[in-house]
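Notes for the one structure printed next.
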Protein chains: 2
Amino acid sequence: MSLKNAILVLLEGKPGTGYDLAQRFRGGIGQFWTASHQQIYQELKTLGQDGLVEFELQEQASRPDRKHYRITAPGRAALKDWLQATWKPERLNSAALVRIYAAYLADQGPVLAEIERNLEENRAKLDEYLAQEASHLARTGRTSRRQALVYVSLRFGIRHLRNWLELLAEVRALLTEGRVPDRPA
Amino acid sequence: MSLKNAILVLLEGKPGTGYDLAQRFRGGIGQFWTASHQQIYQELKTLGQDGLVEFELQEQASRPDRKHYRITAPGRAALKDWLQATWKPERLNSAALVRIYAAYLADQGPVLAEIERNLEENRAKLDEYLAQEASHLARTGRTSRRQALVYVSLRFGIRHLRNWLELLAEVRALLTEGRVPDRPA
DNA sequence: CAAGGATATGCAATATATTGCATATGGAGA
DNA sequence: TCTCCATATGCAATATATTGCATATCCTTG
């Protein structure tokens with residue numbers, strides 16, 4: 001249900017091929033929704049059958065042909081309906097948090113290795129996000145509602161990464177030195 | 001893959017029925033992994049066939065019979081292996097964040113209503129978590145590694161909720177007053 | 001007394017996601 | 001030149017999750 005709508009959001013922003021969409025799912029909205037190319041192509045097909053998107057075939061001599069998709073009027077209407085519907089409770093599933101929660105059952109070595117790796121990864125991603133934030137803040141003049149929402153979402157992403165980094169640091173301190181945080185979060 | 005391991009974690013902590021597990025998925029580990037009872041019963045069946053859990057039938061005169069499950073030695077081994085394996089990248093999917101990201105395409109009324117509702121909900125949950133945190137901090141004496149990990153995970157949950165509350169407040173300020181945050185996150 | 005919630009388990013159909021494979025070409029680098 | 005990567009799309013099998021239904025009883029509340 002939401003993959004469908006995430007795709008509509010992307011196409012509303014800008015038409016493109018399935019391949020394009022797969023790329024765009026790696027930044028921006030990709031912070032909050034991701035999908036593999038197999039899923040995307042399948043979903044585009046379904047959306048096409050339902051008339052929510054349409055495509056134009058671009059034949060290319062060299063590369064494989066491209067299907068350039070765009071959202072249709074019914075697609076826009078369906079998206080708007082979804083955006084205005086009541087949110088259903090989300091189930092959050094994080095295997096990493098389950099592993100941390102139960103880390104006392106495991107040998108420390110491999111767990112600590114993963115924690116280090118994730119600290120690195122998240123630090124790198126945080127730097128990226130911070131750079132994006134800086135460019136938002138540097139922008140002078142009026143901001144559109146759309147840009148503002150992108151910005152506010154980015155801020156959520158930044159705080160989310162910081163939260164992860166803090167967790168990982170606390171878990172590392174716990175596993176290596178037995179140190180337990182003594183002040184409220 | 002992870003539902004399986006989440007169940008093993010729960011049963012490692014304490015044996016119980018499918019119904020018990022469904023309840024336990026609402027607190028503690030349920031912050032990070034949730035599952036419906038249908039999924040749980042199905043998974044317990046599979047785990048039983050694989051020999052990772054076993055059950056004892058408790059016949060009850062009044063209520064329906066209960067299957068009291070416990071983890072087996074192979075189950076513990078499988079869980080340990082999983083805990084020590086490399087983490088694969090997680091896909092995070094939040095329909096609510098997609099909706100916020102694209103809120104500029106919707107009428108404000110219904111969106112703001114959902115935001116209010118979620119502010120309420122998250123505030124209530126935060127209070128719960130804070131109470132749990134307080135009781136952790138009040139506990140004197142040595143803490144086991146296990147308790148410490150539960151505590152550290154709880155702290156993550158608290159910060160996560162605060163992050164959501166901040167996002168929702170920022171989105172509300174944006175939609176109602178057009179106010180865009182002017183300081184870094 | 002009637003209605004609804006908690007306890008307790010499950011099937012079946014559908015929807016959604018993952019994994020593995022397949023195809024085809026241009027360009028970059030070893 | 002050979003290999004790998006980016007571009008571009010897709011099928012098929014399997015795995016996982018959701019939705020709707022079904023059953024049965026006790027206890028509480030109106």
Side-chain angles (χ1 to χ4, degrees), chain A residues 1-8 10 15-27 30 32-50 52-53 55-69 82 87-95 98, chain B residues 1-8 10 15-27 30 32-50 52-53 55-69 82 87-95 98:
Chain A
M1 203 62 216
S2 294
L3 170 58
K4 168 182 151 179
N5 290 289
I7 287 176
L8 290 177
L10 287 178
T17 66
Y19 191 85
D20 286 338
L21 294 178
Q23 300 310 107
R24 283 200 254 161
F25 267 119
R26 303 179 146 274
F32 319 125
W33 202 274
T34 47
S36 62
H37 77 267
Q38 291 92 333
Q39 252 184 298
I40 293 166
Y41 287 120
Q42 183 52 52
E43 196 64 45
L44 282 170
K45 197 171 144 185
T46 310
L47 286 166
Q49 280 161 10
D50 297 347
L52 306 184
V53 302
F55 68 87
E56 200 184 328
L57 202 69
Q58 296 184 331
E59 289 179 56
Q60 292 186 295
S62 58
R63 309 284 176 119
D65 292 353
R66 308 205 278 170
K67 290 183 181 172
H68 200 76
Y69 282 93
W82 180 75
W87 305 358
K88 31 177 207 181
E90 309 205 352
R91 55 176 296 178
L92 90 91
N93 290 47
S94 168
V98 173
Chain B
M1 201 64 213
S2 295
L3 170 57
K4 168 182 149 179
N5 290 289
I7 288 176
L8 290 177
L10 287 178
T17 66
Y19 191 85
D20 286 338
L21 294 178
Q23 300 309 108
R24 283 200 254 161
F25 267 118
R26 306 178 142 274
F32 318 124
W33 202 274
T34 48
S36 60
H37 77 268
Q38 291 92 334
Q39 252 184 297
I40 293 166
Y41 287 121
Q42 183 52 50
E43 195 64 45
L44 281 170
K45 198 170 143 186
T46 310
L47 287 166
Q49 280 160 10
D50 296 346
L52 306 184
V53 302
F55 67 87
E56 201 184 326
L57 202 68
Q58 297 184 329
E59 290 180 57
Q60 293 186 294
S62 59
R63 309 283 176 119
D65 292 354
R66 307 204 279 169
K67 291 182 180 171
H68 200 76
Y69 282 93
W82 179 74
W87 304 359
K88 28 176 211 182
E90 307 204 352
R91 57 177 294 178
L92 90 90
N93 290 48
S94 168
V98 173

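A, B, ... follow the sequence lines: proteins, then strands. Residue 1 opens every chain. Note that the coordinates shown come from a computational prediction; the quantities given were computed from them, not determined experimentally.
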Return the nearest nucleotide to the side chain of [X]; candidates are [options].
{"X": "B:Gln23", "options": "C:dT7, D:dG10, C:dA17", "result": "C:dT7"}
{"X": "A:Arg66", "options": "D:dG10, C:dG10, D:dA8", "result": "D:dA8"}
{"X": "A:Tyr19", "options": "D:dA8, D:dA17, C:dA8", "result": "D:dA8"}

Hey, does the side chain of [X] come within less than 4.0 Å of [N]'s phosphate (OP1/OP2), counting only N and O?
{"X": "B:Thr17", "N": "C:dT9", "result": "yes"}
{"X": "A:Tyr41", "N": "D:dG10", "result": "no"}
{"X": "B:Lys4", "N": "D:dA15", "result": "no"}
{"X": "A:Gln39", "N": "C:dT16", "result": "no"}
{"X": "A:Lys88", "N": "D:dT19", "result": "yes"}

Item to check | First encountered from the 5' end of DNA chain C, between B:Gly18 and B:Asn93 | outcome: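 Looking at the nearest nucleotide for each, B:Gly18 comes out on the 5' side.
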- prompt: Mapping A:Leu3 and B:His68 to their closest nucleotides on DNA chain C, which lands nearer the 5' end?
  reply: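 By nearest-heavy-atom nucleotide position, the 5'-most residue is B:His68.
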I'd like to check [X] versus [Y] (side-chain heavy atoms, cut-off strictly below 4.5 Å). Are they in contact?
{"X": "B:Leu52", "Y": "B:Lys4", "answer": "yes"}
{"X": "B:Phe25", "Y": "B:Leu3", "answer": "yes"}
{"X": "A:Leu92", "Y": "B:Thr34", "answer": "no"}
{"X": "B:Tyr19", "Y": "B:Gln23", "answer": "yes"}

Between [atom2] of [N] and [atom1] of [X], the distance in whole Å:
{"X": "A:Glu90", "N": "D:dA17", "atom1": "CD", "atom2": "P", "answer": "16 Å"}
{"X": "B:Lys45", "N": "D:dA17", "atom1": "NZ", "atom2": "P", "answer": "17 Å"}
{"X": "B:Lys67", "N": "C:dA8", "atom1": "NZ", "atom2": "P", "answer": "14 Å"}
{"X": "A:Leu44", "N": "D:dG10", "atom1": "CG", "atom2": "C1'", "answer": "12 Å"}
{"X": "A:Met1", "N": "C:dA17", "atom1": "CE", "atom2": "C1'", "answer": "16 Å"}
{"X": "A:Gln38", "N": "D:dA13", "atom1": "CD", "atom2": "P", "answer": "15 Å"}
{"X": "B:Ile40", "N": "D:dA17", "atom1": "CD1", "atom2": "P", "answer": "11 Å"}
{"X": "A:Phe25", "N": "D:dA8", "atom1": "CZ", "atom2": "P", "answer": "18 Å"}

* To do: Show your working on side-chain contact (heavy atoms from CB on, under 4.5 Å) between A:Leu10 and A:Trp33 and close with a plain yes or no.
  => CA-CA 11 Å; A:Leu10 287 178; A:Trp33 202 274; over 6 Å; no
Looking across every strand, which nucleic acid part, if any, lies under 4.0 Å from B:Glu43 by heavy atom: base, sugar-phosphate, or nothing?
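The answer is nothing, as B:Glu43 stays clear of every strand by at least 4.0 Å.
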